[in-house]
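Everything on this sheet refers to the single structure shown next.
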Amino acid sequence: MSTDHPDDSVRISVLLVDDQPLTRVGFGLLLGAEPDLDVVGEAADGLEAVRAARRLRPRVVLMDVRMPVMDGVEATAAIVAAVPESRVLILTTFDLDEYAFDGLRAGASGFLLKNALPAELLSAIRTVAAGDAVVAPRVTRRLLETVAHRLPSSATAAVDIRLDRLTPRERDILIEVALGKSNTEIAADLFLSENTVKSHFKHVLAKLGLRDRVQAVIFAYETGLV
């Protein structure tokens, strides 16, 4: 049993979404053995997932992307809009899957490979529940490179007035994040402490109305900032 969780008294409700019954059973057994995780429901397709999320209001939705009736991308967008307190963790077969990018763009807080180790899945669920994103900066960068042909160029990108809210330093931080750099690398590049980088980035998220690092990277690309 994993012990890598913040507090046994803080239980995290999880909704399992996958069209394969055996997959849901496997995840259910794994999560059910953890003292801080509660599987509150299951769904076999996206539409069922949206209905379950509205009813159960889970903290985390473990979401497959390829499903009948409604796929995981559309379901993610609907859940994020209807139940903003829920965090969606996309499950994908390939780490450069365009479905994964679409899921992040739709509002998911991260993605994980289906063949991830149990400890990685449990850690990802807890990280997402805590409000952080579960996509390593370099993986985000690789995803964006894979779908670069679908992103607007700096010449055609839509102007977003929210960028005017950022200070020059905050804009620099956002650009560094969008380039796939970690906080440690950003601190070294800009001659700042990691705590200062983290503080600036929190301000960036607040001013832009974004939830996490993933959304910030996508925002920077869609507005032509990088």
Side-chain angles (χ1 to χ4, degrees), residues 4-7 9-14 36 57-61 63 76-77 79-90 100-101 103-112 120 122-145 151 154 157-226:
D4 180 26
H5 51 78
D7 186 347
S9 65
V10 180
R11 301 181 69 81
I12 300 168
S13 55
V14 182
D36 62 325
R57 311 194 81 81
R59 182 61 182 156
V60 177
V61 179
M63 178 77 73
T76 292
I79 289 173
V80 169
V83 194
E85 67 268 29
S86 292
R87 294 290 183 265
V88 178
L89 181 59
I90 293 286
F101 176 78
L104 297 176
R105 205 171 188 177
S109 293
F111 80 92
L112 198 68
E120 293 176 329
L122 296 173
S123 176
I125 291 172
R126 291 173 180 128
T127 299
V128 167
D132 294 324
V134 184
V135 181
R138 297 202 179 285
V139 175
T140 304
R141 174 66 175 168
R142 286 167 62 204
L143 267 176
L144 289 166
E145 287 173 345
L151 294 170
S154 57
V159 176
D160 195 308
I161 60 173
R162 287 179 292 176
L163 283 172
D164 295 335
R165 303 172 187 170
L166 303 181
T167 66
R169 176 59 82 193
E170 289 167 350
R171 187 180 286 240
D172 290 341
I173 296 288
L174 177 56
I175 291 173
E176 293 278 298
V177 167
L179 292 175
K181 295 183 180 180
S182 66
N183 288 339
T184 301
E185 292 170 328
I186 295 172
D189 287 349
L190 300 182
F191 303 101
L192 300 170
S193 70
E194 281 193 57
N195 285 337
T196 299
V197 171
K198 291 177 182 177
S199 177
H200 279 309
F201 188 58
K202 284 184 179 179
H203 293 155
V204 169
L205 293 179
K207 289 182 178 181
L208 298 180
L210 304 174
R211 288 197 307 186
D212 52 42
R213 198 178 197 93
V214 173
Q215 287 196 333
V217 171
I218 293 173
F219 174 88
Y221 274 79
E222 291 187 329
T223 57
L225 190 61
V226 291

Under 4.5 Å between any side-chain heavy atoms of [X] and [Y], yes or no?
X: Leu210; Y: Ile218; result: no
X: Thr167; Y: Lys207; result: yes
X: Ile186; Y: His200; result: no
X: Arg165; Y: Leu208; result: no
X: Ile12; Y: Arg87; result: no
X: Ile173; Y: Val197; result: yes
X: Leu163; Y: Phe219; result: yes
X: Val204; Y: Val177; result: no

Could you tell me whether a side-chain N or O of [X] sits under 3.5 Å from a main-chain N or O of [Y], the two making a donor and an acceptor?
X: Asp212; Y: Gln215; value: yes
X: Ser86; Y: Pro58; value: yes
X: Ser13; Y: Arg59; value: yes
X: Arg211; Y: Ala108; value: no

Shortest non-hydrogen contact between Ala129 and Val60, atoms and distance
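Taking every non-hydrogen atom into account, CB-CG2, 3.7 Å.
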Kindly give the heavy-atom pair with the smallest separation between Ala124 and Leu89, and that separation in Å.
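That closest heavy-atom pairing would be CB-CD2, 3.8 Å.
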If you apply the rule side chain to side chain contact (heavy atoms under 4.5 Å, CB included), what do you find for Leu122 with Arg126, and how did you get there?
CA-CA 6 Å; Leu122 296 173; Arg126 291 173 180 128; 3.6 Å; yes
Measuring from atom [atom1] of [X] to atom [atom2] of [Y], what distance do you get when rounded to the nearest 0.5 angstrom?
X: Glu170; Y: Asp172; atom1: CD; atom2: CG; value: 10.0 Å
X: Ile90; Y: Thr76; atom1: CD1; atom2: OG1; value: 3.5 Å
X: Lys198; Y: His203; atom1: NZ; atom2: NE2; value: 14.5 Å
X: Asn183; Y: Glu176; atom1: CG; atom2: CD; value: 11.0 Å
X: Arg169; Y: Leu192; atom1: CZ; atom2: CG; value: 4.5 Å

